[in-house]
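It should be emphasised that the depicted structure is a prediction, and the values quoted were computed from it without experimental measurement.
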Amino acid sequence: MPHILTINAGSSSIRFALFATGERQVRLMDEKMERIGGEAASVTADRLLQKLKTQSMAAPDAIGHRVVHGMLHTQPERVTPGLLQELRRITPYDPEHLPREIALIEALQQRFPGVPQVACFDTAFHRHMPAVATQLPIPRRYLAKGVQRYGFHGLSLFSWASSSGSAIPPRCRAG
C-alpha cells in the first residue's frame, strides 16, 4: 500500500501526517514538532524521520509540502530544480517561511532521492481575485514588481469551502 507524507512546515513548528492510500485513505500518524525555528532543516528532517520509523517505514512513496507563498503558481507542482530556484527568487516576499520550507524540501531530497515531492501553494486559492482585491493603495509601479495582496491560508479555505457545500456561494468556493 503506497504511503504519502504530508508536511506543513512553519517558521517555528512543523505538522506532518502519514497516509496509507489505496481504495481508502487511512491516516497512520499526525504529528506536530514545536520550537524548530533555531535548528537546521537537516536536524528537523532527522527528527521527522525518527518519528516515521515508529511506523516501520523505510521511505514514503511521495511527499507533499504546503508552501506558504507561491506568487503566481496556481496549481500543485512537482518539485524540480527550476521550481526551487523560483522559490529562492521570491524568498524576499516571505522571508519568514520560504527559506525553511526550501531547506526542508532539499533535506528530504537528500534522504529520499527517488521519492517525488509536490509543492502545494497556499496563495493559489486567491490567484483569481479581482484586481480591486489584489491592488494595494501604493504607486502602480510597484505592482509591476510583484507587490500586491496575495491572500494566504488558501489551502485551509479551499478545504473548508469544499466541505461546506451549498452554504457558500460558488464564486467564493472557487477562490
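Shown here for Val115 and Pro60, the closest heavy-atom pair between the two residues is CG2-O, 3.3 Å. What you find for Met29 and Phe16 is that their closest heavy atoms are SD-CE1, 4.1 Å. Here the closest non-hydrogen pair linking Gln109 and Val79 is NE2-CG1, 3.6 Å. Residues Leu98 and Leu87 approach most closely at CD1-O, 3.9 Å, considering heavy atoms.
A single hydrophobic cluster is not seen to contain both Val43 and Ile105; linkage of ILVMFWY side chains at heavy-atom distances under 4.5 Å, directly or through other members, places them apart. Placement of Phe19 and Ile7 in two distinct hydrophobic clusters is found when ILVMFWY residues are connected by side-chain heavy-atom separations under 4.5 Å, directly or transitively. Clustering ILVMFWY residues whenever any of their side-chain heavy atoms sit less than 4.5 angstrom apart, transitively, puts Ile102 in the very cluster that holds Ile90. By the criterion of side-chain heavy atoms lying less than 4.5 angstrom apart, applied directly or through intervening Ile, Leu, Val, Met, Phe, Trp or Tyr residues, Leu28 is grouped together with Met33 in one hydrophobic cluster.
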Worksheet entry | Criterion side chain to side chain contact (heavy atoms under 4.5 Å, CB included) on Leu49 and Phe112, from CA distance to verdict | CA-CA 11 Å; Leu49 295 178; Phe112 304 122; 3.3 Å; yes
Item to complete: Any chance you could lay out the side chain to side chain contact (heavy atoms under 4.5 Å, CB included) test for Arg15 and Asp30, step after step, and finish with the verdict?
Response: CA-CA 7 Å; Arg15 282 198 76 111; Asp30 188 356; 3.1 Å; yes
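The neighbour count for Gln85 CD, taken as heavy atoms of other residues, nucleotides or ligands under 6.0 Å away, does not exceed 12.
Between the side chains of His65 and Glu101, no donor-acceptor pair is found at a separation under 3.5 Å. Asn8 and Arg66 share a donor-acceptor pair across their side chains, judged by distance under 3.5 Å alone.
A donor-acceptor pair is defined here as one N or O able to donate and one able to accept, closer than 3.5 Å; such a pair exists between the side chain of Asp61 and the backbone of His3. Looking at Ser13, its side chain never comes within 3.5 Å of a backbone N or O of Ala9 through a donor-acceptor pair.
Two residues are said to be in side-chain contact when any heavy atoms from C-beta on lie closer than 4.5 Å; Arg111 and Asp46 meet this criterion.
In this structure, CG in Leu83 is found 12.0 Å from CZ in Arg78, a value given to the nearest 0.5 Å. To the nearest 0.5 Å, the span separating CD1 on Ile14 from NZ on Lys32 amounts to 11.5 Å.
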